[in-house]
Amino acid sequence: QVQLVESGGDLVQAGGSLGLSCVASGSISSIRDMAWYRQAPGKQRELVARITSALQTNYADSVKGRFTIARNDIKNTVYLQMNSLKPEDTAIYYCHGDTITLRGDLLDNLWGQGTQVTVSS
């Protein structure tokens with residue numbers, strides 16, 4: 001069974017930093033385009049950052065200059081480094097993406113279970 005498993009969520013003070021990880025586990029050979037989303041209480045889920053297999057990245061305007069998305073294809077892992085955190089960054093952060101299985105099948109639109117990030121003022 002292929003899963004995306006996030007980790008790294010925590011409680012942090014405003015201005016602090018936090019790093020999230022998302023590991024694609026199971027019978028996969030590679031990860032494809034990957035992204036981080038977040039959902040705050042009472043709000044819709046929104047895209048935070050995306051990274052393609054070609055290492056192209058894009059970010060939500062609200063996190064540009066503060067967050068950095070990266071990937072390690074050997075480890076099938078995607079990272080989100082979050083600096084200068086603000087209370088409005090408080091949300092559940094979800095990993096999303098596509099993988100290729102060991103049989104060569106594309107498994108797309110995969111979601112992790114989410115990890116809670118809370119920024120206190």
Going hydrophobic residue to hydrophobic residue with side-chain gaps under 4.5 angstrom, can you get from [X] over to [Y]?
X      : Y     : value
Leu110 : Ile28 : yes
Val2   : Val78 : yes
Val12  : Ile92 : no
Ile69  : Leu85 : yes

If you count heavy atoms of other groups shown closer than 6.0 angstrom to CZ of Arg32, is the number above 12? no
Would you say Ile74 has more than 12 foreign heavy atoms packed within less than 6.0 Å of its CD1? no
Identify the two heavy atoms, one from [X] and one from [Y], that lie closest to each other, and give their separation to 0.1 Å.
X      : Y      : answer
Thr52  : Asp33  : CA-OD1, 3.3 Å
Ser29  : Thr101 : OG-O, 3.4 Å
Gly97  : Met34  : CA-SD, 3.6 Å
Ser21  : Tyr79  : OG-CD2, 3.5 Å
Ser120 : Leu11  : CB-CD1, 4.3 Å
Tyr59  : Ala49  : CD2-CB, 3.5 Å

By the definition side chain to side chain donor-acceptor pair (under 3.5 Å), identify the one residue from Arg38, Gln116, Gln39 that meets it with Tyr93. Arg38
In Å, rounded to the nearest 0.5 Å, how long is the span from [atom1] of [X] to [atom2] of [Y]?
X      : Y      : atom1 : atom2 : answer
Leu107 : Ile100 : CG    : CD1   : 8.0 Å
Asp73  : Ser53  : CG    : OG    : 7.0 Å
Phe67  : Ser84  : CZ    : OG    : 9.0 Å
Leu4   : Ile31  : CG    : CD1   : 9.0 Å
Asp89  : Arg66  : CG    : CZ    : 4.0 Å
Ser121 : Gln13  : OG    : CD    : 9.5 Å

Given 3.5 Å as the limit, does a donor-acceptor pair link the side chain of Thr90 with the main chain of Val119, or not? yes
Would you tell me whether Ser17 and Asn83 have side-chain atoms, one donor and one acceptor, within less than 3.5 Å of each other? yes
Which word best sums up how the rings of Tyr94 and Trp111 line up, parallel for under 30°, tilted for 30 to 60°, or perpendicular for over 60°? perpendicular
Can you tell which of Val63, Val117, Thr68, Val48 makes a side chain to side chain contact (heavy atoms under 4.5 Å, CB included) with Met82? Val117
